[in-house]
Asks: 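Quick one: the structure is below, and I'll ask about it shortly.
Heavy atoms only: backbone and side chains are in, while hydrogens, waters and symmetry mates are out. Proteins come first, then strands; the chains are lettered A, B, ... in the order of their sequence lines, and each starts at number 1.
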Number of protein chains: 4
Amino acid sequence: MWPFSAAEIRSRLAATSVTLRRCLRLGVTMAKSKFEYVRDFEADDTCLPHCWVVVRLDGRNFHRFAEKHSFAKPNDSRALQLMTKCAQTVMEELEDIVIAYGQSDEYSFVFRRKSNWFKRRASKFMTLVASQFASSYVFYWRDYFADQPLLYPPGFDGRVVLYPSNQTLKDYLSWRQADCHINNLYNTVFWALIQQSGLTPVQAQERLKVDEVRTQEVRLPAEMEGERMTVTRTRARPVPLYCDLIGDAFWKEHPDILSGDN
Amino acid sequence: MWPFSAAEIRSRLAATSVTLRRCLRLGVTMAKSKFEYVRDFEADDTCLPHCWVVVRLDGRNFHRFAEKHSFAKPNDSRALQLMTKCAQTVMEELEDIVIAYGQSDEYSFVFRRKSNWFKRRASKFMTLVASQFASSYVFYWRDYFADQPLLYPPGFDGRVVLYPSNQTLKDYLSWRQADCHINNLYNTVFWALIQQSGLTPVQAQERLKVDEVRTQEVRLPAEMEGERMTVTRTRARPVPLYCDLIGDAFWKEHPDILSGDN
Amino acid sequence: MWPFSAAEIRSRLAATSVTLRRCLRLGVTMAKSKFEYVRDFEADDTCLPHCWVVVRLDGRNFHRFAEKHSFAKPNDSRALQLMTKCAQTVMEELEDIVIAYGQSDEYSFVFRRKSNWFKRRASKFMTLVASQFASSYVFYWRDYFADQPLLYPPGFDGRVVLYPSNQTLKDYLSWRQADCHINNLYNTVFWALIQQSGLTPVQAQERLKVDEVRTQEVRLPAEMEGERMTVTRTRARPVPLYCDLIGDAFWKEHPDILSGDN
Amino acid sequence: MWPFSAAEIRSRLAATSVTLRRCLRLGVTMAKSKFEYVRDFEADDTCLPHCWVVVRLDGRNFHRFAEKHSFAKPNDSRALQLMTKCAQTVMEELEDIVIAYGQSDEYSFVFRRKSNWFKRRASKFMTLVASQFASSYVFYWRDYFADQPLLYPPGFDGRVVLYPSNQTLKDYLSWRQADCHINNLYNTVFWALIQQSGLTPVQAQERLKVDEVRTQEVRLPAEMEGERMTVTRTRARPVPLYCDLIGDAFWKEHPDILSGDN
């Protein structure tokens, strides 16, 4: 796996000693301080204080990933459970996350308004969430896909979005949940047309265009229940929930999530 | 591993159907569009065009990680090789990276000046690098640590830094390489004092304070050669190198890395 | 005032015709489109939605400006009135400013939370406020300083700060007002020591160091009343007020300023 | 001009003393420190080092301003000379500007690459340029418009754009100069059709649509020569020039402008 020919080892040693001789001639500390001005090119990316910090992750090319790993359609419950396991791990390892919400191959993490973790640097928030989620995905794969080996390590992109009020944060989560339902309505019907009615994917797509206005009335089969997942803290430990975030009931039951101290 | 009690499944179904009824009553599409204004809170983070985009990763709490996994001191060659394997994977999976440089638990990736990957959005660059690196670390662990199981999934933080000229980019890489040598000089002597001279860590630290001015003259043992790693592309495939980046020789041998087309 | 020698005019014509010939040869439109890529270097600086946008101006080198124009010490009421006239002009000419607060040579302008003026671009907000304020300062100078000609055009620096909640905005204004009082307490006593007690500036400074802890108990003379100024809208027209912003009374009397529609 | 009724003065005094009593009760210093946390909401806006910093100003509603002040069409030489006088003043008052270029109601100012003026804060650069330019416009108006009183104080918007290389900076200036020529070609012909051929504005517009492809061949009248202006430093003093920036000749004659030390 690692090409250590004798020639290569010789070249490594030679190269190292060139660098070292150069450093030692200059004095290593002097050599370093000469270049240290490049630190000033790092931009400050502190998040505005008192805002909710949301990190949203999306699987990279998960359409292909799902096919290569034979995910069940429209929702693979093992894959959804693995996603939520990763979200739990992120919440346990990182600080100040009060709630997380996911669906399909995406997950959103909400840091408390007054978090001062890593001085609120956006790049720290998003890369630590993305990398912890990704390493957990590989680490816990086997617990959910015992019979299905992981073929390659997946990637996740992430972003930071700030929400200045409780209302805008709730609307963000409602947006993701409504999006989840629209996708699920579509996918559930799409795959039912293929799996149960024997249509081809193209035919199913065509049919759905025609029926678009009527999909709102469709009766959903039981498979849909696994589609999205919320993880929140109950007495400090993250616990997965399956619940409606769009109405008020959830927020009334969990007043601590949006409380002033956060 | 996953708590699916009958009660929980019932509550999931109930919650789902509340959300659905709500969505269906509103009309799902309408429900979603009502919340879509929250997209406007996403800030644009496009990198300044024509600048080198550098993503630097650092292992999170790798001091502890190294101890838990019994890494050899001062440099564990398996760990360094795994790092470089991850860097290679990142370069193969992501686009437009022209060179990468690493040492210890950090790695820097340089995207070409004129890259337009994901419209140069800084958050895409740093989270995709961080997550791909982290998932690769777990995925390839066994190839380098056959006898040492991975105890938990590690995290990596990342940042984006822009360099507007070839000179500033070269100085950035020289800064990292000089830093690497200073750390290695220190660590090599520190562990030699412990492992070969029988000092305690505190005694070794004391001795090094006294000798600080003289460490520049120290003769380095052979273990040091593995300390840092460069990965660059030769005919499109990333290849690891062990070489001096501080002088001009490397850049003259690889004129394509900084060429105008990048 | 303008050096239009015959030689210069000839050189202007010659230079113009070089550029023109170049443009005409290329085709002017083509010439322009070749360079238009430079537009992509403009960064987006949209203010986070739903936040109060504050622009704060400060006079540049106003210590010197006050001396050159013989401002009365500690507060020159003509200067303060001119500042407030400029603030009124800014509020009349620009859109969406709900309140302004000033003291000495600084002024803060608050744009309503939901303003979409110039798509909330921070650079538009701050440069239009700064330039309108500065041009008004020269334009209205004579109305307040009939006997004192303006010797040179002054500059003002500005910045944008976002406040995500009513409480943080109120605390911002309280901060400026408390700052104003501290400065006034100090300046009033400082100039009283000079003007009424015959101390030199150095002696006055010394005395104030000693008394620092006691300045909080000082009785303020009547001159202090002109120190700060608030401009708000009453039925759409900006009106200057002299009032306390730190307590609740002001905000209860003017509920429209922080109302949800803003 | 200033409404100082007895009632108002009483209310000012009363309000002041409420604030003061509040401050004194708290202790002014304590009152201030309680609110000082709001400073943390100021975002860092440092310009990337080693990049050319360009501030571009545009007159606000100058179409209307030109009409109200009877500017000659298509170019009013007094207005152009006043613009350049303001640019000179900006270059004399502010630091580190190496070249400025203007046309019509816009002006661009280029700060040297290595400027560390106000720690390279973008907001300082753009607001100081905008306010100094605007106050100078009013201050020097009479020198160019002796017979035409200034009716109201004008505003200017500004922005900061970074250019990471000499080539991109030169292309920026060429873009503005090509834009200038296109506008002038159009305006010159447009007004010639009205003033000399007796067309109405609508007819002229129609005619120009038809002729669009042919405008490149038009012969320009002498009025056009005043259209744009460059100000650069010769032995430290800003001097206006009328020259072609698109070709290489200008940059060869003035090598110091782009020299490494800048």
Side-chain angles (χ1 to χ4, degrees), chain C residues 1-2 11-13 15-16 18-20 22-24 27-29 31-32 35-36 38 41-42 60 81 93 123-124 126-128 130-132 134-139 143 153-159 161-163 168 171-172 174-175 177-179 181-182 185 216 220 225 242-244 246-247, chain D residues 1-2 12-13 15-16 18-20 22-24 27-29 31-32 35-36 38 41-42 60 81 93 123-124 126-128 130-132 134-139 143 153-163 168 171-172 174-175 177-179 181-182 185 216 220 225 242-244 246-247:
Chain C
M1 172 134 298
W2 192 251
S11 90
R12 274 167 78 173
L13 282 163
T16 301
V18 167
T19 309
L20 273 176
R22 189 183 310 277
C23 282
L24 294 173
V28 267
T29 313
K32 194 183 164 196
F35 301 125
E36 238 157 13
V38 298
F41 290 68
E42 285 192 29
R60 185 177 178 225
Q81 288 166 31
E93 288 293 320
S123 54
K124 295 279 185 181
M126 67 181 122
T127 55
L128 285 167
S131 65
Q132 191 66 58
S135 67
S136 302
Y137 200 91
V138 180
F139 191 80
D143 296 338
F156 294 85
D157 77 66
R159 75 197 72 195
V161 197
L162 300 179
Y163 289 104
T168 50
D171 285 353
Y172 170 78
S174 296
W175 175 53
Q177 194 166 42
D179 178 73
H181 282 294
I182 287 173
L185 279 168
Q216 293 173 17
L220 290 173
E225 102 262 4
Y242 303 86
C243 52
D244 176 50
I246 297 181
Chain D
M1 174 134 299
W2 192 250
R12 273 168 79 172
L13 282 164
T16 301
V18 167
T19 309
L20 274 176
R22 189 184 310 277
C23 282
L24 294 172
V28 268
T29 313
K32 194 183 163 196
F35 300 125
E36 238 157 13
V38 299
F41 290 69
E42 285 192 30
R60 184 176 180 226
Q81 288 166 31
E93 289 293 321
S123 55
K124 295 278 184 183
M126 68 180 121
T127 55
L128 285 168
S131 66
Q132 191 67 57
S135 67
S136 302
Y137 200 91
V138 180
F139 191 81
D143 295 340
F156 295 85
D157 76 66
R159 74 196 72 195
V160 159
V161 197
L162 301 178
Y163 289 103
T168 49
D171 286 352
Y172 170 78
S174 296
W175 174 52
Q177 193 165 42
D179 178 73
H181 281 294
I182 287 173
L185 279 167
Q216 295 172 16
L220 290 173
E225 103 261 3
Y242 304 86
C243 52
D244 176 49
I246 297 180

Asks: With sequence neighbours excluded, tell me which residues meet salt bridge (charged side-chain N to carboxylate O under 4.0 Å, His left out) with C:D171.
Replies: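 Expected list: none.
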Asks: Side chains of D:K32 and C:H181: closer than 4.5 Å at any heavy-atom pair?
Replies: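 Counting from C-beta outward, D:K32 and C:H181 never come under 4.5 Å.
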Asks: So, do C:F35 and D:I246 sit near enough that their side-chain heavy atoms are less than 4.5 Å apart?
Replies: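 Touching, per the 4.5 Å side-chain cut-off.
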Asks: Name the region of C:L162, side chain, backbone, both or neither, that has any atom closer than 4.5 Å to a heavy atom of chain D.
Replies: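 For C:L162, the backbone is the part near chain D, not the side chain.
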Asks: By a 4.5 Å heavy-atom criterion (distance strictly below it), what part of D:R60 contacts chain C: side chain, backbone, both, or neither?
Replies: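 For D:R60, the side chain is the part near chain C, not the backbone.
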Asks: Highest number of heavy-atom pairs under 4.5 Å with chain D: which of C:A134, C:S123, C:S135?
Replies: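 With the most close heavy-atom pairs to chain D, the winner is C:S135.
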Asks: For the interface with chain C, which of D:S131, D:P153, D:S136, D:G155 has the highest count of heavy-atom pairs at distances below 4.5 Å?
Replies: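 Top option by heavy-atom pairs under 4.5 Å: D:P153.
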Asks: Side chain to side chain contact (heavy atoms under 4.5 Å, CB included) with C:Y137: which residues, sequence neighbours excluded?
Replies: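 C:Y137 satisfies side chain to side chain contact (heavy atoms under 4.5 Å, CB included) with C:F62, C:F65, C:F71, C:L82, C:M83, C:C86, C:F133, C:W141, C:P154, C:F156 only.
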